[in-house]
Amino acid sequence: MKRTNYCGELSVSNVENKVVLMGWAAKNRDLGGVLFIDLRDRTGVVQLVINEQAGGEVFSLAESVRSEYVIGVEGIVKKRDPETVNKNIPTGEIEVIVSRLVIYSKSETPPFYIEEDIDTNEQVRLKYRYLDLRRPDMQKNIITRHKVCKIARDYFDSNGFLEIETPMLIKSTPEGARDYLVPSRVHRGSFYALPQSPQLYKQLLMVAGMDRYFQIARCFRDEDLRADRQPEFTQIDLEMSFVDIDDVISVNEGMIAEVFEKTIGVKVKTPFLRLTYKEAMDRFGSDKPDTRFGLELINLSEIAAGCGFKVFADAIASGGSVRAINAKGAADRLSRRDLDSLVDFVKIYRAKGLAWIVVTQDELKSPITKFFTQEEIQAILKKTDAAAGDVLLFVADKDNIVFDALGALRIEIAKRLDLIDKSRYNFLWVTDFPLLEYDDEQKKYVAIHHPFTCPFDEDIDKLDTNPLSVRAKAYDIILNGTELGGGSIRIHDRELQAKMLSLLGFSQEEAQERFGFLLEAFKYGTPPHGGMAYGLDRLVMLLTGSESIRDVMAFPKVQNASEPMSNAPDTVDKKQLMELGIKIRETQ
RNA sequence: GGCCCGGUAGUUCAGUCGGUUCAGAAUGCCAGCCUGUCACGCUGGAGGUCGAGGGUUCGAGCCCCUUCCGGGUCGCCA
């Protein structure tokens with residue numbers, strides 16, 4: 001038998017056609033003299049009908065079919081009687097009257113139902129991932145992922161980009177995430193690293209005159225996992241020559257618009273909103289703000305400076321700030337107990353506490369109002385636009401703690417009060433990031449983006465005098481509070497690159513040792529260039545409405561970075577280790 | 001590394017104060033019956049290392065300790 005059609009593609013237009021279908025038996029309904037089987041393949045399900053009188057052999061064979069048997073059938077497509085139409089499935093108007101049936105393989109009873117919206121422990125799903133992936137919603141996710149890749153490829157191709165592969169076995173980079181290392185057999189004691197991103201190679205491709213590059217690139221970072229983070233993930237990576245920020249942004253807005261329209265039919269408006277890093281932090285306490293709801297931060301430092309409440313006054317005196325969120329009209333939805341739990345919530349972010357004022361018609365309920373003068377209280381109420389029914393929530397600390405705590409609190413409150421409109425797709429760019437930050441632990445400057453990011457032209461002078469004030473030509477693209485991707489214009493000047501590396505604490509020798517090949521390349525004519533990279537998995541996660549990146553990866557890893565189906569990683573033969581010159585040392 | 005949540009039939013879960021009724025439900029599975037079902041129905045049946053180990057107790061699914069596994073999160077992720 002040779003397949004003629006897919007199950008889900010049959011319709012009334014196929015009525016009276018003789019068809020051959022292949023797939024998995026999803027459900028049997030044995031009524032005695034007539035037997036129904038739902039046949040499922042990638043495209044959907046269709047009902048098979050086997051009548052007893054149609055032929056004893058086919059019927060008895062069909063009676064032995066169990067869930068997930070792989071079968072092939074030949075039959076005639078028939079229109080169903082109106083009273084037997086199933087409106088719940090797309091093929092519900094027709095059915096296939098089976099005349100031949102082949103069982104290609106039997107199946108043990110699967111450990112969970114092969115259907116949408118199962119309520120099964122993820123551990124079990126991952127152990128039997130091939131069964132999980134057989135479920136329609138997982139198939140949809142994987143198909144969407146394929147479409148995104150295809151659309152991105154076509155888009156970049158038609159915009160003059162070349163798809164170029166870069167190596168997976170590369171030199172270890174000293175900064176950034178922890179590398180996955182691969183021992184070299186030939187060079188005993190030496191290691192390759194798996195790429196955290198194709199960063200240096202794509203820049204070298206620009207030096208090589210490829211002009212526009214893209215790649216759907218696998219990347220590796222040996223860091224702890226999250227719902228939206230895997231140690232092995234995929235980037236849509238691109239780089240362009242002779243461009244500045246606006247060029248990169250507009251090419252990418254076009255790509256995103258096309259992806260959203262062609263996958264989920266959402267028309268996104270371009271150009272996207274742009275926020276500077278400073279504005280994003282001031283208003284949302286985050287460099288990846290979710291703008292689907294309000295609850296913006298309000299800076300009360302001016303009012304609180306020198307006030308009678310020591311916690312506030314001290315925070316400001318030591319260079320920090322006091323900021324607040326006004327949860328409008330939430331007074332009757334946030335009980336005293338809820339407020340206590342919010343106090344605990346902000347402590348996760350190292351805030352020492354959370355002060356609050358509940359505004360009612362005739363009084364202010366709060367543990368802190370007694371520390372303020374009437375004037376100060378009035379100023380606070382005015383600045384926060386407080387009205388009866390509002391709840392004001394304050395954090396006072398160093399700026400970064402205030403932002404972390406209130407930024408997270410903002411989202412937490414929005415979730416609890418159900419303020420988020422899930423039908424919206426709020427894209428925005430965050431720009432004007434600082435180039436550097438000071439790492440107290442390492443006692444040195446570190447690049448916020450990476451060491452190849454170009455500073456603002458007008459800030460270059462300040463590299464020597466006030467490095468922390470230098471802005472970077474970097475940009476992140478944010479969707480609904482998730483960082484989808486980011487990039488930058490790169491340094492293309494050898495001197496400036498060398499200066500950056502020295503500012504980051506690399507000695508001349510170290511810089512030469514680690515990045516010598518890049519600096520060397522820059523001697524030979526380097527075009528101005530820049531680009532960006534998307535987290536493909538996150539993008540698909542948002543497109544499919546998935547809660548976890550694992551739901552859009554065929555074979556993801558779990559929190560301890562292992563893979564439950566194959567049980568990777570695993571020990572290897574002594575012989576393999578011998579060849580590599582590796583000995584496992586027991587640690588205590 | 002820290003914090004929070006979870007682990008009981010194949011699956012999803014309930015299990016009160018530690019005690020008879022505590023080895024339970026639903027679903028799935030198996031068998032029989034059934035000619036229009038589509039969550040088919042009816043009758044019957046099988047199915048358990050209560051994650052593991054230790055402790056307290058006359059007695060532990062339940063209390064205590066240790067440990068393993070999974071999820072979330074902080075740190076980490078240029």
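First the proteins, then the strands, lettered A, B, ... as listed; each starts at 1. Note that these values count all heavy atoms, side chains included, but never hydrogens, waters or copies made by symmetry.
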What string of B, S and - do you get for nucleotides 72-77 of chain B, 5' to 3', if B is base contact, S is sugar-phosphate-only contact and - is no contact with any protein heavy atom under 4.0 Å? BBBBBB

For nucleotides 25-36 of chain B, read 5' to 3', which letter fits each nucleotide if B means a protein heavy atom sits under 4.0 Å from the base, S means only the sugar-phosphate is that close, and - means neither? --BSSSS--BBB

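Taking the side chain to side chain contact (heavy atoms under 4.5 Å, CB included) definition, one finds that A:Asp228 meets it with A:Arg226, A:Arg538, A:Met541, sequence neighbours left out.
In this structure, CG of A:Asp117 is placed 15 Å from P of B:rU12, rounded to the nearest angstrom. At whole-Å resolution of the value, CD in A:Glu108 and C1' in B:rG47 are 15 Å apart. The CG-C1' distance, from A:Asn121 to B:rG51, rounds to 12 Å in whole Å. Following rounding to the nearest Å, A:Leu35 (CG) and B:rG41 (P) show an atom-to-atom distance of 15 Å.
Spacing between B:rG7 and B:rC63 at atom P, rounded to whole Å, works out to 11 Å.
Across all strands, A:Ser197 comes closer than 4.0 Å to base atoms (heavy-atom distances).
Contact check, A:Arg29 against B:rU37: no side-chain N or O comes under 4.0 Å of OP1 or OP2. Contact check, A:Asn88 against B:rA39: a side-chain N or O comes under 4.0 Å of OP1 or OP2.
No side-chain heavy atom of A:Tyr349 sits less than 4.5 Å from a side-chain heavy atom of A:Val395.
Side chains of A:Asp41 and A:Thr43: a donor on one and an acceptor on the other come within 3.5 Å.
Heavy-atom distances to RNA chain B give each of A:Phe112 and A:Ser562 a nearest nucleotide, and the one nearer the 5′ end belongs to A:Phe112.
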